[in-house]
Amino acid sequence: MPTYTPAQQEAIACLDAPLQIIACAGSGKTQVISQRISEILKLPGVEPRHVAAFTFTEKAAAELKDRILSIVEQEHGSATGLAEMYVGTMHAFCLNLLQTYVPETFKYSVLTEQTQRLFIDRNSRRSGLTECPTLSAGTPHLRRFIHSRLYTQVMSILTEDETDLSLVCEEVKAAVGKYRDLLEANAYFDYTSMVDRAVRFLESPDEGIGTAAHALLQHVRDDVKFVVVDEYQDVNPLQERLIRGLVQFGANLCVVGDDDQTIYQWRGSEVANILTFAGRYEGIRSVTLAHNFRSSQGIVALGRRVAEGISVGNRLPKSMEHASHQTWDRGDIIAGAYLTPEDEAAAICERIQDLRGVAFTDRPGTEPRGLSWSDVAVLYRSVAADAGPLVAEMERRGIPYIVKGLTRLFDSREISAVVSLFRYMTGHAAFADVEALWAVSGLLAPGVSVAAAKPLLDAGADFGRGERWGTYNLQRLYLDVLDALGIREDTVPGDPVRGELAMYQLGKFSQVISDFEAIYFSSNPKDKYDSFVGWLEYQAPGYYDEADLDTGYATPDAVTISTVHQAKGMQWPAVFVPCLRANRFPSKRHGGLGVFHVVPDTAVPHADRYRGTVEDERRLFYVAVTRAQKFLYLSFSPGTSRLFQKASAFFGEATTVPFVSTAAPLLGASVARLEPHPRVEVPQVTLSFSELKYLFECPYQFKIRFLYGFNPPIHEALGYGKGLHDALAEMHKRALDGDVLDATAVDELVQRHLHTPYAYPLLREQLERAARAALKRYFVLHGDDLPRTLHSEKQIQVHVAPGITVDGRIDLIKRLETDEVSIVDFKSTYRAQAEDVTRDQLHVYAVGYQELTGTSADVVEVLNLDEDGKNTRETVVGQLLIDVRDRIHDAGESLRTNKLDRLPTWCSTCAACDVRSLCRSAEPVSQVLTP
DNA sequence: CACACCTTTGTTTTT
DNA sequence: CAAAGGTGTG
């Protein structure tokens, strides 16, 4: 066990009272939580499934889980059942809870921000959008398309906050009900409704759906014994209700956070939750982790000064203390003012180049190394508004950088060219326009003309050819066009990086089509194409404004340029915070139609937090400052307009802190220098079963699907296989409770679970018949096995090495008549995404089962639900399990190093791959020329 | 100092 | 199209 401070030890050891951990920046919070959870797992009678730990992002969850597993493996040797410990977001927890215990919700899918807006606009009347009045004279009612984002904000505030509905006008209240009904009618959750549904189950079980509510509550009562909430300061009122609901039967609660780092008020975080925690729970213990192990004395002093500017009533009393080995030297912290943004950018670049090679010690007792590009971050209040001059200067000097949120997907020449195809098809552009855009797209190999795709476009635009709407598939047309033009990573002119970049843009567009088509799949074809083009022109550019270049899992050695928000939880040896201008940081309030023109601000407690206050901005500045380990450069230059002429109050305040210099020479030769050596970061790799399957099958296929983001076309029968799986899941779950169904339940099961939103009426009938037949057949062939069900939809997990985890669910685990344990995977032909189960995958299941129970399964089998489908059954062999572990490990490594190569030669995998046209020619090349 | 008028701007982002 | 900073007037 590493050494802990007395406060850390106290937090780790307090397992029997509600605990509040106030964790200052850099206080080793994650380590303390992880160690505390490890202690919980040592308690007699405590199983991993008794623990639920919440984080705000999937990334933070992966890191926390990995840390816990490392500690547990070290201290307990190995432990079984860890897959059943919940570490994740509250959203995923709620979704999981509902889709495990409430059969009616098994078929629900989740709307993203994009599909949610598409859905609301397509149903603008039925969702109540156009009936919402506003306080603005110019806008008597919300309007379709224009106000759908505002509408989603209103809907989430009304369910996520403690809104006083008596102050909200009738039409808006009606809209909430209409929108909720519309979601349910279409089997959708949005991010709010999944939490809301779960909370309502926990709060008023009597109104629930009988047995489901009972089972859900039973699970919470029996299994949830320890709840840990990280980043508690960012919890919103609905999430606070969820926490209350989860601990209502006496579970131990531990909340961890720092009120000074509340930076998401504008999306509902309620600081009051953490400020008044002590008064709301009985007998709480409170521990403050005040020691900062990250930053030098100077940074800590500056941070403390910034935080002390928050008024006493809005802050928990605490004083961050310097405890790091980092030294402060005069000149490490500079607040510099410049005459123009260009001067400021140049000065930043000078410093960055000066810092490269400076000796730096990451941890006490380790060897120093030379700083490199990736040790530097430049943090802006608004990257979009202010980062331009710096990016230009970095570009000029050839300093490598990563920036998010500056480039817009729809401004790129690649996407302009692609959009023109659809404009041509709907008569909004001449073919000459298309040719002009493709000529400058940088996508076509020499000698290839977009004219090669014209026949496809003309045929596609003939909307009189067939009556089935599903045949007018946007995604298929798109992939066919790319194929006809021979566009692949290696045919795009330029160096390999250029090829990757282009494919990444094109993959994003595939996602754009998927989003649109998920909502508009079954519209009259002509209308669908027209809506698509209109949407591409007016809506989509605003939906997909960040074309953040995801570099995959490999981390390049480059300067990070990002917003302060995105820097939360991170640290760098050197941090720059430029453009500290009045009206920018702190940001002035903004105009325009807002939520409080629809909902009166008196109906929402602390409504101001949604608009943003100066204190909120101060907390954001506090986060920025405390990211730095040693070097911190604050700077100001007047902006282009009248509004941004003066320096930020924060800037002036910083200059009054003794550790801060207003000018200092470059370090030059005055400090020790070493060869630049970027810090080694181990990116977390968490793979789902289906991702792993693709990675095993063909690494390049994985790259096309998951890194570039290409999606296969929607199949009209989509949902059939899922429906069968869900029906079987209900059968097995009820069998586990002693409720063994027979064939008379088939109609009801199909009715409840089969959801095929893209099927035309005739196909829907066919699918229903097929589903009934499949379930009846299952009852005949396997009905007798039902009582021998051991687990249904069992969550498993394989932790292969630090940072590499595979997550997944096993359809069914049952005891055979021979008393052996069998792992079963169901298969159905109609299952849209050809989920072929390979032997490898089955053996991964077997490994997961082993980690879960500590015992080995005897056989793995594939059970085909089709009438004449083939089943397989295979003995689990120990050596195979070891081999599979090695293969997962290799797969994870290839991801981290970004080595995702094509299979060397054409093979059966290629023949079955539905994205192969993006990889190589369909025909195997018989004569390969080798230079 | 109070007020009217004119000008400029439009953030931050996860699930 | 709304809001608030800046500027000018009394």
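Everything numeric here is computed off the predicted structure, so don't read it as measured data. Chain letters run A, B, ... following the sequence lines, proteins first and then strands; every chain starts at 1.
- Residue-level contact check: A:Arg381 touches the bases, meaning some heavy atom is under 4.0 Å from a base atom.
- With rounding to whole Å, A:Asn236 atom CG is found 14 Å from B:dT13 atom C1'.
- The side-chain ring of A:Trp266 is not stacked on the base of B:dT11, judged by centre separation under 5.5 angstrom and plane angle under 30 degrees.
- If you check the side chains of A:Glu240 and A:Asn236, you find no donor sitting under 3.5 Å from an acceptor.
- Distance, A:His590 NE2 to B:dT12 C1': 10 Å, rounded to whole Å.
- Without hydrogens or angle criteria, A:Thr139 side chain to A:Ser136 main chain gives no donor-acceptor distance under 3.5 Å.
- Nearest-nucleotide positions on DNA chain C for A:Gln645 and A:Gly138 put A:Gly138 closer to the 5' end.
- In this structure, A:Arg618 places its CZ atom 18 Å from C1' of B:dT12, rounding to the nearest Å.
- Regarding A:Ile263, its CD1 atom lies at a distance of 10 Å from the P atom of B:dT14, rounded to whole Å.
- With a 6.0 Å cutoff to the six-membered ring centre and a 45° limit on the axis angle, A:Arg408 does not count as a cation-pi contact of A:Phe410.
- Protein atom CD of A:Gln566 is 15 Å distant from nucleotide atom P of B:dT11, rounded to whole Å.
- Among the nucleotides B:dT14, B:dT9, C:dA3, the one closest to any side-chain atom of A:His597 is C:dA3.
- Contact check, A:Ser641 against B:dT9: a side-chain N or O comes under 4.0 Å of OP1 or OP2.
- In this structure, A:His565 and A:Tyr264 have tilted ring planes: the angle between them lies in the 30° to 60° band.
- The side chain of A:His91 has B:dT15 as its nearest neighbour among B:dT15, C:dG6, B:dT13.
- Taking atom CG on A:Leu643 and atom P on B:dT11, their separation rounds to 13 Å, with Å as the unit.
- Atoms OH (A:Tyr610) and P (C:dA2) sit 23 Å apart, rounded to a whole Å.
- Between C:dA2, B:dT15, B:dG10, one nucleotide has an atom nearer to the side chain of A:Phe644 than all others, and that is B:dG10.
- Across all strands, A:Glu113 comes closer than 4.0 Å to base atoms (heavy-atom distances).
- Classification of A:Asp161 and A:Arg609 as a salt-bridged pair holds, one side-chain N sitting under 4.0 Å from a carboxylate O.
- Among the protein residues, A:Ala582 comes within range of no part of the nucleic acid, since none of its heavy atoms lies under 4.0 Å from any strand.
- Of the side-chain N and O atoms in A:Thr563, one or more sit less than 4.0 angstrom from OP1 or OP2 of B:dT13.
- The phosphate of B:dG10 (OP1 or OP2) has a side-chain N or O of A:Arg584 nearer than 4.0 angstrom.
- Note on A:Val383: only backbone sugar-phosphate atoms sit closer than 4.0 angstrom, heavy atoms only; bases stay farther off.
- Counting all heavy atoms, side chain and backbone alike, A:Val598 lies closest to A:Cys132 at CG1-CB, 4.4 Å.
- Side-chain nitrogen and oxygen atoms of A:Arg589 include at least one within less than 4.0 Å of the OP1 or OP2 phosphate oxygen of C:dA4.
- For A:Ser382, the listed nucleotide lying nearest its side chain is B:dT11; candidates were B:dT13, C:dA3, B:dT11.
- Computed from coordinates, the A:Lys588 NZ to B:dT11 P distance equals 10 Å when rounded to whole Å.
- Comparing A:Leu593 and A:Asn583, the nucleotide of DNA chain C nearest to each residue sits closer to the 5' end for A:Leu593.
- Nucleotides C:dA2 and B:dT12 have their P atoms positioned 23 Å apart, rounded to a whole Å.
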